[in-house]
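Quick notes on the structure that follows.
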2 protein chains.
Amino acid sequence: MMTSSPLTIGDLAKATGTKVVTVRYYERIGLLPPPRRTGGNYRAYEPMHLDRLRFIRRCRDLGFTLDQVRELLHLSSQEGKSCGEVDRIAAAHLAATEEKIADLTRLAGQLRRIISRCEGGGVIADCRIIEALSPCAEEDESC
Amino acid sequence: MMTSSPLTIGDLAKATGTKVVTVRYYERIGLLPPPRRTGGNYRAYEPMHLDRLRFIRRCRDLGFTLDQVRELLHLSSQEGKSCGEVDRIAAAHLAATEEKIADLTRLAGQLRRIISRCEGGGVIADCRIIEALSPCAEEDESC
DNA sequence: CATGGGGTCTATAGTCGCTATAGGGTCAAG
DNA sequence: CTTGACCCTATAGCGACTATAGACCCCATG
């Protein structure tokens, strides 16, 4: 059984689909522990870093904020603790995501309605889209 | 028929549901033309500013970026021009919005699936959420 | 006329999650 | 020994605001 040699930042980045600058950024904000350095001052990552970065990326792909990731990382190391907090974070994020979907759906509906009124061949002065974007004040008698 | 007196920035903000700082920000980035100033150096807005800011807010509420708003504002003043460009911007934004909805929907589905596997009463070491967030590498024999 | 409170002014820095740039150092292949 | 790919730090920029500090103005009340 061979022991794997440490990874350069480029290896780590490629293995996780992260950009090199982003890896350094995660280190700077304390998400990824600083690895030891080689003689030439290169970062030398261990498999543990790979695991951790993969965890971070997976969370980010799921839309968690970096603060939530930080909390999840912290919790994931407390093996004996109840997992209620984890559940709470995930549920909150799901709720937020569902709300965002609802908002965007409502919005898309409005956009479709606005766009459908436009004949497309007209000029700006008659454009239904511009008109729809120009809400009239109640006290404005010209509307 | 009475002529309306100029508005303070606070009046304008309240009338459009914008924050005062945001109004100043729109001026700084060239979206809202600088109004004349009073003796005390206060901004004094005309009805035209009200119209323009309402247009901006409506666009923002519909999710257009400030750059798109800038372009729409520019186009809306070209009364004789064809409205094809307006249509293009709106359609592009609708497409982007629909894509975002699709992304978030996929994401919410994954989150629901992950969360549903968690019994809630367990400890972190057995937490299905943490587990689901910890993707295993193919070359990692422990998975 | 003084005072107090609320609104306004500018300028600057912070937010989030990166991304880009400048100006260098290191390393391995040819 | 040179070339080119990689790595290093530090700093600034993105979008769309938001927050803060410190000063100024205006109006109503005493």
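Proteins get letters first, then strands, A, B, ... in listed order; numbering begins at 1 in each. None of the values given here were measured: they were computed from a predicted structure.
For the atom pair CG (A:Leu62) and CG (B:Leu111), the distance works out to 5.0 Å, reported to the nearest 0.5 Å. The line from CG of B:Leu75 to SG of A:Cys127 is 9.0 Å long, rounded to the nearest 0.5 Å.
Within residues 19-28 of chain A, the residues that have a heavy atom under 4.0 Å from DNA chain C are, in order of number, A:Lys19, A:Thr22, A:Tyr25, A:Tyr26.
Neither OP1 nor OP2 of D:dC25 sits under 4.0 Å from any side-chain N or O of B:Arg43. The side chain of A:Thr65 places no N or O atom within less than 4.0 Å of a non-bridging phosphate oxygen (OP1 or OP2) of C:dC16. A close approach under 4.0 Å does occur between a side-chain nitrogen or oxygen of B:Arg37 and OP1 or OP2 of C:dT10.
A:Gln68 is listed as a side-chain neighbour of A:Thr65, based on a closest heavy-atom distance under 4.5 Å. Side-chain contact between B:Leu53 and B:Tyr26: present, with at least one pair of heavy atoms (C-beta onward) separated by less than 4.5 Å. A 4.5 Å side-chain heavy-atom check between B:Arg58 and A:Ser134 finds every atom pair outside the cut-off.
The CG atom of A:Leu31 sits 12 Å away from the C1' atom of C:dC18 (whole-angstrom rounding). Atom CG in B:Asp11 sits about 11 Å away from atom P in C:dG7, given to the nearest Å. Atom pair B:Ile56:CD1 and D:dC17:C1' shows a separation of 14 Å (rounding to whole Å applied). If you measure from atom OH of A:Tyr45 to atom P of D:dC6, you get 16 Å, rounded to the nearest angstrom. Between the P atom of C:dG7 and the CG atom of B:Leu7 lies a distance of 16 Å, rounded to the nearest Å. C:dC9 atom C1' lies 17 Å from atom CZ of B:Arg36, rounded to whole Å. The separation between B:Lys14 atom NZ and C:dT8 atom C1' is 14 Å, rounded to whole Å.
The base of C:dT8 is not paired with the side chain of B:Tyr42 by any donor and acceptor separated by under 3.5 Å.
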Please walk me through it: do A:Glu46 and A:Arg52 pass salt bridge (Lys or Arg N to Asp or Glu O under 4.0 Å)?
CA-CA 10 Å; A:Glu46 308 298 331; A:Arg52 197 164 167 111; over 6 Å; no

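As judged by a 4.0 angstrom heavy-atom cut-off over every strand, A:Thr38 is placed among residues making no nucleic acid contact.
Residue whose closest nucleotide on DNA chain C sits further toward the 5' end, between B:Gly40 and A:Asp67: B:Gly40. Heavy-atom nearest nucleotides on DNA chain D were determined for B:Asn41 and for B:Leu66, and the one closer to the 5' end corresponds to B:Leu66.
One end of the helix from C:dC1-D:dG30 to C:dG30-D:dC1 points its axis 20° away from the other end's axis, with each axis taken from 5 pairs and the angle rounded to 10°.
Considering only the side chain of A:Arg60, C:dG17 comes nearest among D:dC25, D:dA16, C:dG17. The nucleotide whose nearest atom lies closest to any side-chain atom of B:Ile9 is, among C:dC9, C:dG17, D:dC17, C:dC9.
Here the rule is side-chain contact (heavy atoms from CB on, under 4.5 Å) with A:Leu12, and of A:Thr18, A:Val20, A:Leu32 only A:Leu32 fits it.
Without hydrogens or angle criteria, B:Arg106 side chain to B:Gln110 main chain gives no donor-acceptor distance under 3.5 Å.
Heavy atoms from other residues, nucleotides or ligands lying under 6.0 Å from CD of B:Gln78 number more than 12.
Salt bridge A:Arg128/A:Glu131: present, at least one basic N to carboxylate O contact under 4.0 Å.
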